[in-house]
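Computed from heavy atoms alone, side chains included, the values below leave out hydrogens, waters and symmetry copies. In this text, all values refer to a predicted model and were calculated from it rather than measured experimentally.
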Amino acid sequence: MKQWKSIVCLLLTVCWMGFIFTMSAQPAAKSTETSLHVGMMVGEILVPDFEKKPLLEQLAFARMIDHPVRKCAHASEYAVLGILTGLSADSIGVRKQRWRKAFLAASVYAMTDEFHQLFVPGRSGQISDVLLDSAGALLGIIVLYGITRLNNLRNQG
C-alpha cells in the first residue's frame, strides 16, 4: 500500500509540474487572454450586477485586476506544488529535513520554469516570480506541515 501511495504522490507531482509547464508555455497573448477570463469571472463573483455592465466596463475591470490575478496564480500553483512535493517526500520515506527538501525541489522548479519562459514569445523570466513561486511553495508546505502535526496529535491523544 505504501508503494502505491509513493507512486500516486510522485505521479501527481509530475502531472502538476506538467500543468505549470503548459501554462508557462503559453505565448503572452494567450496568457493575457486566460488571465482576463479569470478577471471576468472574479468580476461576476465580486461585483454586484457585473454582467449588466457594458462589456468595455467589464474588460476594464478585468484589466485592472490582471496583475493581482497573475500573481495569485503564481502563488497558488506553487502552493499546490509545495503540498505535492511535501507529500512525495514523505511518501518515499525522506525523513531528515523533508520539508526543506520539498521546498528546495519546488523552488528549483520555479527557477527552471522562469528560465523556460525566456524562450516563450512575449514572455520573460522574472526573479520576482521565482521569489513569489517559492513563497507559494513555502505556504503550501506550511499548510501540509500543520495538517500533519494536527493529525499526529489527534492520533496520539
Side-chain angles (χ1 to χ4, degrees), residues 1-28 30-47 61-62 64-120 123-157:
M1 182 68 163
K2 187 167 173 71
Q3 183 181 10
W4 280 108
K5 181 183 175 187
S6 299
I7 292 169
V8 169
C9 286
L10 290 170
L11 186 61
L12 287 173
T13 302
V14 170
C15 286
W16 192 254
M17 289 174 160
F19 170 76
I20 291 171
F21 182 89
T22 301
M23 296 304 287
S24 295
Q26 291 181 341
K30 178 65 177 161
S31 178
T32 298
E33 180 184 319
T34 301
S35 62
L36 287 177
H37 179 71
V38 171
M40 296 288 275
M41 289 191 310
V42 169
E44 290 172 5
I45 294 167
L46 298 180
V47 177
F61 174 82
M64 180 182 72
I65 66 167
D66 183 61
H67 187 74
V69 164
R70 287 174 181 271
K71 298 310 167 188
C72 285
H74 271 273
S76 59
E77 283 177 347
Y78 278 85
V80 172
L81 185 61
I83 290 169
L84 291 172
T85 57
L87 288 171
S88 291
D90 187 53
S91 73
I92 62 174
V94 174
R95 294 289 174 245
K96 284 185 105 177
Q97 302 181 338
R98 71 174 176 247
W99 306 115
R100 287 182 185 162
K101 291 175 181 174
F103 175 71
L104 181 63
S107 295
V108 167
Y109 190 75
M111 290 179 221
T112 64
D113 183 50
E114 289 302 313
F115 179 74
H116 160 241
Q117 287 185 42
L118 293 173
F119 304 98
V120 177
R123 303 289 294 266
S124 63
Q126 303 288 323
I127 291 173
S128 60
D129 283 346
V130 172
L131 296 174
L132 181 60
D133 296 343
S134 297
L138 181 61
L139 178 62
I141 290 166
I142 289 169
V143 167
L144 179 61
Y145 174 78
I147 291 169
T148 302
R149 291 281 296 160
L150 287 173
N151 193 35
N152 289 342
L153 290 172
R154 189 182 71 197
N155 289 339
Q156 290 174 356

For the residue pair [X] and [Y], what are the closest heavy atoms and their distance?
| X | Y | answer |
| --- | --- | --- |
| V130 | A110 | CG2-O, 3.9 Å |
| S91 | S6 | O-OG, 2.6 Å |
| T85 | A106 | OG1-CB, 4.3 Å |
| E77 | F19 | OE2-CE2, 4.0 Å |
| S24 | D113 | OG-OD1, 2.6 Å |
| R123 | Q26 | NH1-O, 2.8 Å |

**OP:** Just do the side chain to side chain contact (heavy atoms under 4.5 Å, CB included) check on L81 and M17 with the steps written out, would you?
**Re:** CA-CA 7 Å; L81 185 61; M17 289 174 160; 3.8 Å; yes

**OP:** Any chance you could lay out the side chain to side chain contact (heavy atoms under 4.5 Å, CB included) test for R98 and K101, step after step, and finish with the verdict?
**Re:** CA-CA 5 Å; R98 71 174 176 247; K101 291 175 181 174; 5.6 Å; no

Atom [atom1] in [X], atom [atom2] in [Y]: separation rounded to 0.5 Å?
| X | Y | atom1 | atom2 | result |
| --- | --- | --- | --- | --- |
| L144 | L84 | CG | CG | 9.0 Å |
| I142 | I83 | CD1 | CD1 | 11.0 Å |
| H67 | S35 | NE2 | OG | 11.0 Å |
| L10 | K5 | CG | NZ | 11.5 Å |
| S107 | D133 | OG | CG | 8.5 Å |
| L104 | I141 | CG | CD1 | 9.5 Å |

Original post:
Below 4.5 Å, heavy atoms only, C-beta onward: do T148 and W99 meet side chain to side chain?
Top reply: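 A side-chain contact under 4.5 Å exists here.
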
Subject >> Candidate pair Y109 and T13, rule side chain to side chain contact (heavy atoms under 4.5 Å, CB included), full reasoning >> reply: CA-CA 11 Å; Y109 190 75; T13 302; over 6 Å; no

**OP:** With sequence neighbours left out, write down each residue that passes ring-ring contact (aromatic ring centres under 6.0 Å, His included) with F103, or none if nothing qualifies.
**Re:**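 Listed in chain order: nothing, the list is empty.
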
**OP:** Could you pull out all residues at least two apart from H116 that satisfy ring-ring contact (aromatic ring centres under 6.0 Å, His included)?
**Re:**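 With sequence neighbours excluded, H116 shows a ring-ring contact (aromatic ring centres under 6.0 Å, His included) to F21, given in chain and number order.
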
Original post:
Going through the checks in order, is the side chain to side chain contact (heavy atoms under 4.5 Å, CB included) test met by K71 and D129?
Top reply: CA-CA 8 Å; K71 298 310 167 188; D129 283 346; 2.6 Å; yes

Subject >> Donor-acceptor contact below 3.5 Å, side chain Q117 vs main chain G125 >> reply: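 No; judged by distance alone, with no hydrogens or angles, the pair does not exist.
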
Original post:
Who are the side-chain contact (heavy atoms from CB on, under 4.5 Å) partners of A135, not counting sequence neighbours?
Top reply: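 Counting only residues at least two positions away or on another chain, A135 forms no side-chain contact (heavy atoms from CB on, under 4.5 Å).
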
Original post:
Is it true that the side chains of R149 and N152 contain a donor and an acceptor less than 3.5 Å apart?
Top reply: no

Subject >> T34 and R70 side chains, donor-acceptor separation under 3.5 Å >> reply: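 Looking only at side-chain atoms, T34 and R70 do not form any donor-acceptor pair under 3.5 Å.
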
Original post:
Is the CD1 atom of I127 crowded by more than 12 outside heavy atoms at less than 6.0 Å?
Top reply: no

